Amino acid sequence: MGTAEQITENSIRQPFIEIMDCTLRDGEQTSGVSFLPHEKLMIARKLLSEVNIDRVEVASAGISDGEKDAVTMICRYADSIGKLESVEVLGFVDGTRSVDWIKGCGCRVINLLAKGSLRHCVHQLKKTPEQHIADIRQAIAYALEQGLMVNVYLEDWSSGMRHSVDYVYQVVDALSDMPVRRFMLPDTLGIIHPLQCVEFIRKMVKRYPAYHFDFHAHNDYDLAVSNSLAAVLSGCKGLHTTVNGLGERCGNAPLASVQVILKDHFNAQTHINEERLNDISHLVEGYSGIAIAPNMPIVGENVFTQVAGVHADGDSKDKLYYNELVPERFGRKREYALGKNSGRANISKNLEELGLQLTPEQTRKVTARITELGDKKELVTQEDLPYIVNDVLKHDAPEDRVKLISYVVSTSYGLKPGANLKVEINGQQYEMGATGDGQYDAFVKALRYIYKKHLNRTFPILTNYAVSIPPGGRTDALVQTTITWNFGDRLVKTRGLDADQTEAAIKATFKMLNLFEDEYIKANKK
């Protein structure tokens with residue numbers, strides 16, 4: 001083991017790190033996750049053309065017809081933008097089957113899964129090392145005959161280095177005369193720590209200095225990111241990641257976290273476009289159904305939100321609570337939460353963004369009301385502020401340009417839910433009915449028809465819908481519905497509170513529509 005200075009020197013000699021994203025292969029092995037072919041295509045397109053990932057591993061060979069359709073579409077797209085060699089498929093030592101399947105999809109790169117530990121070779125395959133090596137060589141030779149490029153995974157490599165290092169060397173030595181582009185070193189069971197990672201990879205690099213090694217981390221001990229960085233500092237030229245850290249069991253190393261630590265702490269270069277990391281994370285969140293934790297670094301909802309008032313105050317005084325992870329770097333912006341911990345500095349920041357000017361005494365009163373709401377566990381959003389200001393200071397209420405006159409929602413067994421409503425928009429009344437997948441869905445569809453048919457205008461897009469109730473199980477408890485809307489070039493949250501969930505959602509919707517209408521009128525007056 002070397003000193004910290006020696007490790008840092010090694011990182012300086014390794015200025016560029018290649019990133020392969022495995023979301024569409026290892027990430028899809030997350031329990032409950034299954035991507036449709038068109039979803040795989042959309043994720044691959046964004047990774048290759050917007051995030052600018054170096055390589056994508058998109059499938060395992062021979063899984064299903066749907067998988068073959070997905071790989072074929074991805075390869076067709078990648079070929080059209082000159083990145084076909086960036087698409088890779090996991091294949092197996094199974095004679096000609098995997099190679100034929102991969103070639104049939106139009107893919108040019110096979111990631112051949114070989115056994116990287118003696119235990120796997122003997123107990124799973126029931127073969128001697130010599131027999132397995134002969135099979136590997138045969139598979140590689142056939143892949144090369146078919147025009148494929150070959151990378152080799154050494155499955156369970158970390159266990160192999162722990163318990164059967166001579167076997168690992170025996171396999172790699174036996175392939176030294178074959179044109180393997182990369183040897184990929186997985187910590188398949190997520191069992192090693194960073195110091196072991198440094199030790200094992202240094203042994204590989206020292207013995208095979210001309211080889212390209214990738215490291216593939218698993219997160220069973222929450223060390224996937226740490227081990228990935230240890231691998232880079234020890235001479236690995238490539239890392240494997242997944243979007244949002246998806247993957248089997250505890251997942252893999254998250255793409256966003258690996259990228260920013262490589263750049264900010266070790267001055268390593270990658271091709272990653274950081275401004276698109278948030279976009280790809282939310283696309284994968286939607287397709288996978290696995291929610292991003294609010295506190296997940298870089299992409300979580302709360303990571304650029306200051307809650308404590310002292311932090312907002314410090315930000316106003318020479319950005320005292322800023323670090324290198326500024327939100328604009330990732331296409332996001334800093335926010336200041338409204339709640340019982342906010343303080344006047346947070347509230348002043350939000351009032352300033354809304355163009356509302358209050359005296360210090362007025363701000364104190366508004367702060368007291370928001371603190372009171374926070375004590376009741378009520379969520380307060382920036383869009384609620386004008387209403388709170390009006391309530392506390394007895395200002396004239398913000399004019400509602402969009403008003404709900406009446407509505408009926410219904411649901412019946414065997415029939416789609418329906419909604420009929422009458423609204424008033426800038427003094428003009430409109431009526432419309434619609435059916436939907438739920439009562440609220442039907443209600444919003446009726447509104448959309450009004451905006452499209454009568455006003456010839458688009459309707460904001462709902463991007464998230466969250467319902468919360470106080471603990472305790474009371475059936476008469478107030479329901480808080482918070483809806484996030486794609487509102488022009490930004491996201492807007494509005495909140496509704498009622499004993500009925502649909503009514504709460506409708507209240508949140510009309511708050512949004514009035515904000516939307518105010519901005520529309522202001523824009524058209526210019």
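What you see is a predicted model; the values in this text were computed from it and never measured.
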Next item on the list: Start with the C-alpha gap between His265 and Leu229, add the side-chain angles, then the distance that decides, and say whether side chain to side chain contact (heavy atoms under 4.5 Å, CB included) holds.
Entry: CA-CA 10 Å; His265 290 282; Leu229 299 172; over 6 Å; no

Item checked: Heavy atoms from other residues, nucleotides or ligands near CZ of Arg119 exceed 12 (cutoff 6.0 Å) -> no

Note to self: Is it the case that atom CG in Asp65 sees more than 12 heavy atoms from other parts of the structure closer than 6.0 Å?
What the structure shows: no

Note to self: Given 3.5 Å as the limit, does a donor-acceptor pair link the side chain of Arg137 with the main chain of Ala174, or not?
What the structure shows: yes

Checklist line | Considering all heavy atoms, the nearest Gln501-Thr481 contact | finding: O-OG1, 3.8 Å

Notebook entry, point to check: If you measure from CZ on Phe516 to OG1 on Thr458, what distance do you get to the nearest 0.5 Å?
Noted result: 5.0 Å

Notebook entry, point to check: Does one side chain, of His240 or Asp214, offer a donor that lies under 3.5 Å from an acceptor on the other?
Noted result: yes

Notebook entry, point to check: Can you find a pair of side-chain heavy atoms, one from Leu175 and one from Phe183, that are under 4.5 Å apart?
Noted result: yes

Note to self: Taking Asp69 first and then Lys40, would you say they form a salt bridge - that is, a charged N and a carboxylate O separated by under 4.0 Å?
What the structure shows: no

Notebook entry, point to check: Would you call the rings of His271 and Phe16 parallel, tilted or perpendicular, where under 30° means parallel and over 60° means perpendicular?
Noted result: tilted

Check: Do the side chains of Asp220 and Ile191 get nearer than 4.5 Å, heavy atoms only?
Finding: no

Margin query: Has Glu67 got a side-chain atom pairing as donor or acceptor with Ser64's backbone, closer than 3.5 angstrom?
Written below: no

Next item on the list: Look up atom CG in Asn52 and atom CG in Asn273, then write down how far apart they are to the nearest 0.5 Å.
Entry: 7.0 Å

Notebook entry, point to check: Is there a side-chain contact between Leu462 and Val444 (heavy atoms, below 4.5 Å)?
Noted result: no

Checklist line | Arg329 bridged to Glu324 by N-O distance under 4.0 Å | finding: no

Notebook entry, point to check: Can you name the nearest heavy-atom pair linking Pro129 to Leu118, along with the distance?
Noted result: CG-CD1, 3.7 Å

Next item on the list: Please find out if less than 6.0 Å separates the ring center of Tyr167 from that of His132.
Entry: no

Note to self: Using only atom types and a distance under 3.5 Å, with no angle test, would you say the side chain of Asp26 pairs donor to acceptor with the backbone of Cys22?
What the structure shows: no

Next item on the list: Please answer whether the main-chain N or O of Gln29 pairs with a side-chain N or O of Glu248 as donor and acceptor at a distance below 3.5 Å.
Entry: no

Notebook entry, point to check: Which of parallel (below 30°), tilted (30 to 60°) and perpendicular (above 60°) describes Tyr211 and Phe213?
Noted result: tilted

Next item on the list: Taking the side chain as every heavy atom from C-beta outward, state whether His212 and Asn151 have any atom pair closer than 4.5 Å.
Entry: no

Next item on the list: Check step by step if side chain to side chain contact (heavy atoms under 4.5 Å, CB included) holds for Leu113 and Val93.
Entry: CA-CA 7 Å; Leu113 190 69; Val93 181; over 6 Å; no

Note to self: With no hydrogens and no angle check, just 3.5 Å: does a side-chain donor-acceptor pair link His218 and Asn227?
What the structure shows: no

Item checked: Distance (rounded to the nearest 0.5 Å) between Lys46 NZ and Arg276 CZ -> 5.0 Å

Next item on the list: For the pair Glu130 and Gln170, evaluate side chain to side chain contact (heavy atoms under 4.5 Å, CB included) and give the outcome as yes or no after the intermediate values.
Entry: CA-CA 9 Å; Glu130 291 75 19; Gln170 181 182 2; 3.1 Å; yes

Margin query: Using a 3.5 Å distance criterion without hydrogens, assess whether the side chain of Asn219 forms a donor-acceptor pair with backbone atoms of Gly251.
Written below: no

Check: Any side-chain heavy atom of Thr241 within less than 4.5 Å of one from Asn252?
Finding: no

Checklist line | Side-chain donor/acceptor of Asp54 to backbone N/O of Ile19, under 3.5 Å | finding: yes

Notebook entry, point to check: Just wondering, are more than 12 heavy atoms of other shown residues or ligands nearer than 6.0 Å to OH in Tyr221?
Noted result: no

Notebook entry, point to check: How many angstroms lie between atom CG of Asp94 and atom CH2 of Trp101, to the nearest 0.5 angstrom?
Noted result: 11.5 Å

Item checked: More than 12 heavy atoms from other groups under 6.0 Å of CZ on Arg182 -> yes

Next item on the list: Give a yes or no on whether the backbone of Phe92 and the side-chain of Ser98 come within a donor-acceptor separation of less than 3.5 Å.
Entry: yes

Notebook entry, point to check: What's the shortest heavy-atom distance between Ser226 and Pro194, and which atoms?
Noted result: CB-CG, 3.7 Å

Check: In Å, rounded to the nearest 0.5 Å, how long is the span from CD of Glu39 to OG of Ser288?
Finding: 9.0 Å

Note to self: Checking the side chain of Asp79 only, and the main-chain atoms of Lys83 only, is there a donor and an acceptor separated by less than 3.5 Å?
What the structure shows: no

Check: So with a 6.0 Å cut-off around CD of Gln124, is the heavy-atom count from everything else above 12?
Finding: yes

Notebook entry, point to check: Looking only at heavy atoms, what is the nearest atom pair of Val71 and Cys105, with distance?
Noted result: CG1-CB, 3.6 Å

Checklist line | Between OG1 on residue Thr30 and CZ on residue Arg249, distance to nearest 0.5 Å | finding: 11.0 Å

Margin query: Would the distance check show the side chain of Thr494 and the main-chain N or O of Ala508 forming a donor-acceptor pair, the cut-off being under 3.5 Å?
Written below: yes

Next item on the list: Give the C-alpha distance, both sets of side-chain angles, the deciding distance and a yes or no for side chain to side chain contact (heavy atoms under 4.5 Å, CB included) between Ile272 and Ile53.
Entry: CA-CA 6 Å; Ile272 302 299; Ile53 205 84; 3.6 Å; yes

Notebook entry, point to check: Side chains of Asp156 and Thr188: donor-acceptor distance under 3.5 Å anywhere?
Noted result: no

Notebook entry, point to check: Side chains of Ile298 and Glu274: closer than 4.5 Å at any heavy-atom pair?
Noted result: no

Checklist line | Minimum heavy-atom distance between Ser31 and Ile290, given as atom pair plus value | finding: O-CD1, 4.5 Å

Checklist line | Shortest non-hydrogen contact from Gly238 toward Ile17 | finding: CA-CG2, 4.4 Å

Next item on the list: With the side chain counted from C-beta on, respond yes when Ile280 and Ile43 share a heavy-atom pair under 4.5 Å apart, and no when they do not.
Entry: yes

Next item on the list: Output yes when a side-chain donor or acceptor of Thr242 lies under 3.5 Å from a complementary backbone atom of Pro254, and no otherwise.
Entry: no

Next item on the list: Assess the pair Tyr440 and Tyr465: is the distance between their ring centroids shorter than 6.0 Å?
Entry: yes

Check: Between Leu48 and Ser86, is any pair of side-chain heavy atoms under 4.5 Å apart?
Finding: yes

